[in-house]
Amino acid sequence: MAHWLFKSEPSAYSIDDLAREGRTEWSGVRNYQARNLMKAMKVGDQAFFYHSNATPPGIVGICRVAAEAHPDSTQFDSKSPYHDAASTPERPRWECVDVAFVARLPRIVTLEELKARRELAGMAVVQRGSRLSVQPVAAAEWKHIVMLARQGASNG
DNA sequence: GCCAACGTTGGC
DNA sequence: GCCAACGTTGGC
């Protein structure tokens, strides 16, 4: 089972929003690399929920893929900020998965902590300048972060 | 609010 | 196909 990370600005859509709604279409992604990663997701895959542009930025929860990639409904909506005039229902350009809430982490694991961990140095989210909003997470990275969240803040 | 890094667009 | 200009992301 693969693991992933979804970024969201909490002012736009937070872990609390997902907890309340239970499930949502991860619409609005307009980056080909992120789209391709979503197309590779399988139902049941688990993902971290990351708050970007937050104070502090970091991983706050876990969600799971509830539906495989399907055309992103917002691309056809002329009133949506994510409308794409070049996309048609016959030839949709953008796809997205549905995600469901699983849990909040016991505590936020901040970007600062992620950066401080040698074991996590390969993660896209800690790369300077990485703007990819959907990212793969290696199994070892997943375990490490879950452990960090459980054991509390650490300087090691 | 600033600005570096990045992806996309479009002129040529 | 190149690359400058532009818009966006996201940490700080």
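Note on naming: letters A, B, ... go to the chains in the order of the sequence lines (proteins, then strands), and numbering restarts at 1 for each one. Since we're looking at a predicted model, the values are computed, not measured.
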Legend entry - A:S52 side-chain proximity, nearest of B:dA4, C:dG11, B:dG7: C:dG11
Inset, instruction - Might you work through the side chain to side chain contact (heavy atoms under 4.5 Å, CB included) test for A:L114 and A:I59, ending with a clear yes or no? - result: CA-CA 9 Å; A:L114 300 177; A:I59 295 171; 4.0 Å; yes
Inset, instruction - Report yes if at least one side-chain N or O of A:Y50 is closer than 4.0 Å to OP1 or OP2 of C:dG11; otherwise report no. - result: yes
Inset, instruction - Taking only the side-chain nitrogens and oxygens of A:K115, find out if one of them lies under 4.0 Å from OP1 or OP2 of C:dC12. - result: yes
Inset, instruction - Return the value, rounded to whole Å, for the distance between atom CD of A:Q127 and atom C1' of C:dG10. - result: 15 Å
Legend entry - Matching residue for A:F6 among A:Y50, A:F49, A:W26 - test: ring-ring contact (aromatic ring centres under 6.0 Å, His included): A:W26
Inset, instruction - Take the protein atom OH of A:Y82 and the nucleotide atom P of C:dT8, then report the distance between them rounded to whole Å. - result: 11 Å
Inset, instruction - Rounded to the nearest angstrom, tell me the gap between atom CG in A:N31 and atom P in B:dG7. - result: 7 Å
Inset, instruction - Using whole Å, report how far CZ of A:R30 lies from P of C:dT9. - result: 12 Å
Legend entry - Nearest-Å distance for atom pair CD/C1', residues A:E9 and C:dC12: 14 Å
Inset, instruction - Give a yes/no answer on whether the side chain of A:K7 brings an N or O atom under 4.0 Å of OP1 or OP2 in C:dG10. - result: yes
Inset, instruction - For A:N53 and for A:Y32, find the nucleotide of DNA chain B with the closest heavy atom, then tell me which residue's nucleotide is more 5'. - result: A:N53
Inset, instruction - Taking atom types as modelled, find out whether A:T74 and A:R30 have a side-chain donor-acceptor pair closer than 3.5 angstrom. - result: yes
Legend entry - Under 3.5 Å donor-acceptor, A:Q135 side chain and A:L37 backbone: no
Inset, instruction - Provide, to the nearest angstrom, the distance between the CG atom belonging to A:L37 and the P atom belonging to B:dG7. - result: 13 Å
Inset, instruction - Return the value, rounded to whole Å, for the distance between atom CZ of A:R93 and atom P of B:dT8. - result: 10 Å
Inset, instruction - Calculate the interatomic distance between A:L132 atom CG and C:dG11 atom P; express it in whole Å. - result: 13 Å
